[in-house]
Number of protein chains: 2
Amino acid sequence: MVRQREFDEERALDDAMQLFWEKGYKATSLSDLTNKMGIQRPSLYSAFGDKEELFEAALRKYIKLHSSDIRTKLQNNLSVKEAFRTFFEDLVEEEYKGSPSKGCFCINTMVELAPYDEKFEILTREHQMYLSVIFQETIVTGISSGELESSLNAKMLAQTLVVSLIGLTVLMKSRPERSFVDNSVAMILSLLK
Amino acid sequence: MVRQREFDEERALDDAMQLFWEKGYKATSLSDLTNKMGIQRPSLYSAFGDKEELFEAALRKYIKLHSSDIRTKLQNNLSVKEAFRTFFEDLVEEEYKGSPSKGCFCINTMVELAPYDEKFEILTREHQMYLSVIFQETIVTGISSGELESSLNAKMLAQTLVVSLIGLTVLMKSRPERSFVDNSVAMILSLLK
DNA sequence: AGTATAATATACTGAACGGTATAAAATGAT
DNA sequence: ATCATTTTATACCGTTCAGTATATTATACT
């Protein structure tokens with residue numbers, strides 16, 4: 001080893017993640033990437049491979065962060081109902097305060113790439129399955145503690161919450177009236193009896 | 001008027017719709033379009049304007065077809081519960097038999113373009129609102145006939161069903177285990193009491 | 001039949017794309 | 001201090017992109 005890399009790989013990957021997250025795969029050019037990452041083209045290729053490999057690394061990083069973020073949010077609350085309520089309400093609040101957020105990188109990828117590339121089909125599917133497991137565990141906790149009715153089917157309910165989360169996230173991209181989203185959240189949460 | 005157009009505009013627009021629906025805006029090139037539509041580039045420009053105008057026309061056509069298709073499916077049934085059940089189950093069945101379908105053109109556009117172009121934000125939002133109205137009318141019918149409990153909030157429920165429809169459509173792009181989707185559908189339908 | 005008009009087909013434009021060859025700059029090991 | 005090695009920076013590659021200029025073909029009207 002002779003000359004050391006001048007840029008922070010993790011920092012550069014984070015910049016790439018933000019860009020792909022915001023604009024998607026096709027709409028993000030290599031010039032966009034090198035500008036945002038602050039590195040030259042050959043440095044990008046030597047460090048991350050081609051555009052698709054960089055995208056995959058960025059998505060994997062997002063999925064890790066997203067998973068632990070959701071886990072934290074759901075566990076940061078004594079009440080399970082309250083945890084889900086603040087989780088969904090914060091999701092909505094984040095989207096409606098000021099300028100729109102970028103939505104979910106994984107969901108964007110499900111739409112843009114999953115149908116045409118098995119690698120991304122699997123990656124995004126496994127993330128959704130993982131989220132449903134986190135949800136399920138949280139629901140089971142609520143049942144065990146007596147907060148939720150023992151008649152609830154934790155797995156089915158968790159899967160339904162994942163579907164609802166996806167639906168809300170995508171719907172909000174069209175910026176519907178807030179009441180549309182609020183009503184849906186309220187009704188979805190009513191499933192947690 | 002002197003020389004008449006050699007191609008069927010409506011047919012050509014339908015071809016463009018299929019292509020944009022399948023591949024999205026950016027991933028569909030003008031060469032893809034002229035090949036599929038069977039016309040030359042200048043014919044396309046003179047008949048439909050530029051790529052974005054053609055895309056908008058294609059999306060508007062899809063939205064019209066989709067609206068009336070859903071209206072038909074929901075009204076083709078004596079029981080409201082049964083109508084929604086077959087609607088959602090057919091949606092899933094269509095996706096899982098053989099090769100995957102193209103999903104929903106409007107949802108794809110919500111993800112790819114709505115956040116960056118107000119024209120498509122409005123267009124897609126209004127379609128989702130329209131769908132929720134169709135759903136709401138159907139639910140009200142069920143309440144009036146006594147099939148559904150009068151305590152149901154038709155509007156909230158309809159909006160929730162739209163969110164669920166979006167979530168299911170997007171989730172299926174990652175081709176999850178069928179039970180994941182079936183469970184969600186069953187739980188969503190349980191809201192129709 | 002001749003002419004005006006509009007729709008074709010061909011070929012081209014400049015720009016942007018993803019990716020890379022080449023060479024200069026920098027550093028650890030000897 | 002020199003050398004081997006790897007990262008930089010610049011400039012370039014062929015390809016594809018959306019869009020158009022040009023010229024040919026076909027039709028309706030006179």
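Just the heavy atoms: all of them, side chains too, but no hydrogens, waters or symmetry mates, feed the values below. Being a predicted model, the structure only gives us computed values, none of them experimental. By convention in this document, chain letters (A, B, ...) are assigned in the order of the sequence lines, proteins followed by strands, and residues within each chain are numbered from 1.
Between Gly38(B) and Glu52(A), the one whose closest nucleotide on DNA chain C sits nearer the 5' end is Gly38(B). Comparing Lys51(B) and Pro42(B) by the nucleotide of DNA chain D whose heavy atom lies nearest to each, the residue mapping closer to the 5' end is Lys51(B).
Applying the side chain to side chain contact (heavy atoms under 4.5 Å, CB included) test between His127(B) and each of Lys64(B), His66(B), Met110(B) identifies His66(B) as the sole match. The salt bridge (Lys or Arg N to Asp or Glu O under 4.0 Å) test with Arg178(A) singles out one residue from Glu89(A), Glu95(A), Glu93(A), and that residue is Glu93(A).
For the residue pair Thr72(B) / Asp69(B), no side-chain donor-acceptor distance below 3.5 Å is found, with atom types taken as modelled. For the residue pair Gln159(A) / Asn183(B), a side-chain donor-acceptor distance below 3.5 Å is found, with atom types taken as modelled.
Atom CG in Asp32(B) sits about 16 Å away from atom C1' in dG19(D), given to the nearest Å. Taking atom CZ of residue Phe55(A) and atom P of nucleotide dG19(C), one finds them 14 Å apart after rounding to whole Å. Nucleotide dA6(C) holds its C1' atom 13 Å from the CD atom of Glu9(B), rounded to whole Å. The nearest whole Å value for the distance from the CG atom in Leu44(A) to the P atom in dT7(D) is 13 Å. Rounded to whole Å, atom C1' of dT10(D) lies 16 Å from atom CD1 of Ile39(A). Between the CG atom of Asp50(B) and the C1' atom of dG19(D) there is a distance of 9 Å, given to the nearest Å. At whole-Å resolution of the value, CG in Leu30(B) and P in dT10(C) are 17 Å apart. When rounded to the nearest whole Å, the span between NZ of Lys26(B) and P of dA18(D) equals 9 Å.
OP1 and OP2 of dA7(C) both lie 4.0 Å or more from every side-chain N or O belonging to Ser43(B). Residue Ser29(A) places no side-chain N or O under 4.0 Å from the OP1 or OP2 atom of dA16(C).
At a cut-off of 3.5 angstrom, counting only N and O atoms as typed in the model, there is a donor on one side and an acceptor on the other between the side-chain of Arg41(B) and the base of dA18(D).
With dT8(D), dT8(C), dA9(C) as the choices, the nucleotide that has an atom nearest any side-chain atom of Gln40(B) turns out to be dA9(C).
Summarising the geometry of Tyr116(B) relative to Lys23(A), their closest heavy-atom pair is OH-CA, 3.8 Å, with the distance given to 0.1 Å.
No contact: Thr34(A) has no heavy atom under 4.0 Å from any strand.
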